[in-house]
Asker: 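The structure that follows is given in the form of structure tokens.
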Amino acid sequence: MKNTYDFSWEDLGDLQMGRPHLGAQMPVVVYRLLEYTFKDVLSQELGLEKTAAIFVKAGHLAGREFCKNLLDCSLALDPFIAALQKTLVTMKMGILRIESADLANLQFTLTLSEDLDCSGLPLYGETVCDYDEGFIAGIFHQYTGLEFQVKEVDCWATGDRTCRFLVEKNTGQVAG
Ligand SMILES: [Zn+2]
């Protein structure tokens with residue numbers, strides 16, 4: 001995964017100064033409006049596959065920056081995961097659970113409930129959380145220095161009540 005983008009956390013601006021009356025919170029519907037209109041327009045311009053790949057890359061970049069700026073990568077795995085769970089709740093992004101962890105092979109199954117991106121969506125018959133796949137891979141990358149493959153296997157949009165992600169160390173060629 002390409003690691004050299006121009007984005008930095010400072011690009012998000014000073015919300016206290018910039019939004020003294022409206023503050024840092026806004027309804028989830030506004031976030032989803034941005035996400036799903038972007039997804040529709042990009043899909044029509046570039047195709048669904050390319051769009052999904054872009055969402056994975058953007059999620060990866062976001063996950064790395066999220067990890068760098070809001071988490072402590074020097075923590076051992078258990079306290080790191082606990083801090084990640086807490087931060088995802090504080091930021092109202094979702095409720096993370098570790099279903100299984102194979103530390104020897106760096107393989108994990110995670111669930112994210114009440115997911116910001118998809119929980120409550122209509123049934124599409126396919127998973128939609130490409131951004132989350134990248135986001136989780138980006139966090140694991142930032143924490144370990146290794147590249148990870150993340151695949152969403154269950155999603156609200158496939159009729160499930162939680163998103164379920166298979167996470168494993170990428171053994172193949174690192175994607176650009
Ligand atoms: Zn999902």
Side-chain angles (χ1 to χ4, degrees), residues 1-2 7 12 25-67 69-71 77 80-102 106-144 146-170 172 175:
M1 193 74 62
K2 186 174 179 227
F7 175 82
L12 300 175
Q25 312 290 320
M26 54 106 188
V28 172
V29 72
V30 179
Y31 170 87
R32 288 190 182 178
L33 185 65
L34 176 79
E35 178 177 15
Y36 288 104
T37 51
F38 252 106
K39 210 168 206 178
D40 188 17
V41 173
L42 284 172
S43 291
Q44 299 207 20
E45 301 272 341
L46 304 170
L48 198 55
E49 203 175 320
K50 180 81 183 157
T51 300
I54 289 172
F55 270 70
V56 171
K57 283 186 183 181
H60 197 279
L61 175 57
R64 297 199 306 270
E65 293 297 322
F66 181 92
C67 195
N69 289 281
L70 301 180
L71 297 169
L77 184 63
F80 177 78
I81 294 290
L84 172 61
Q85 285 171 317
K86 197 171 164 212
T87 306
L88 290 175
V89 169
T90 308
M91 301 300 269
K92 299 190 190 299
M93 295 170 78
I95 300 164
L96 176 72
R97 291 206 172 82
I98 312 293
E99 270 190 351
S100 70
D102 174 351
L106 290 177
Q107 288 180 336
F108 305 87
T109 305
L110 314 180
T111 60
L112 201 54
S113 298
E114 301 193 31
D115 179 62
L116 178 59
D117 294 77
C118 79
S119 206
L121 285 187
L123 258 180
Y124 290 120
E126 58 186 43
T127 62
V128 297
C129 298
D130 322 298
Y131 184 81
D132 286 352
E133 289 178 346
F135 187 77
I136 293 166
I139 289 174
F140 274 77
H141 170 73
Q142 192 64 36
Y143 180 63
T144 62
L146 303 168
E147 207 55 73
F148 283 80
Q149 195 81 40
V150 178
K151 180 81 196 131
E152 189 184 31
V153 291
D154 295 318
C155 181
W156 190 287
T158 59
D160 295 283
R161 284 296 171 268
T162 187
C163 297
R164 181 168 285 105
F165 299 91
L166 305 182
V167 181
E168 61 179 354
K169 189 165 72 101
N170 195 347

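Every number for a ligand or one of its atoms is a count from 1 in the order of the listing.
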Asker: For K92, check side-chain contact (heavy atoms from CB on, under 4.5 Å) against everything at least two apart and list the hits.
Answerer: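 Q25.
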Asker: Run the side chain to side chain donor-acceptor pair (under 3.5 Å) test against D117 and tell me which residues pass, sequence neighbours left out.
Answerer: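 With sequence neighbours excluded, D117 shows a side chain to side chain donor-acceptor pair (under 3.5 Å) to Y31, given in chain and number order.
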Asker: Got a second to check how far F108's CZ is from F140's CZ, nearest 0.5 Å?
Answerer: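 Going from the CZ atom of F108 to the CZ atom of F140 covers 5.0 Å.
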Asker: With H60 as reference, evaluate E147, H141, E65, Q142 under the side chain to side chain donor-acceptor pair (under 3.5 Å) test and give the passing residue.
Answerer: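 Passing option: E147.
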Asker: Near the Zn ion (ligand 1), meaning under 2.8 Å, how many protein N/O/S atoms are there?
Answerer: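 Count of protein N, O, S atoms less than 2.8 Å from the Zn ion (ligand 1): 5.
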Asker: Once rounded to the nearest 0.5 Å, what's the spacing between atom NZ of K151 and atom OG1 of T127?
Answerer: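 Interatomic distance, K151 NZ to T127 OG1, rounded to 0.5 Å: 4.5 Å.
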Asker: Taking only residues two or more places apart in sequence, or in another chain, which ones meet L88 in a side-chain contact (heavy atoms from CB on, under 4.5 Å)?
Answerer: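 Partners of L88 under the side-chain contact (heavy atoms from CB on, under 4.5 Å) test: F66, L84, M93, L96, L112, F135.
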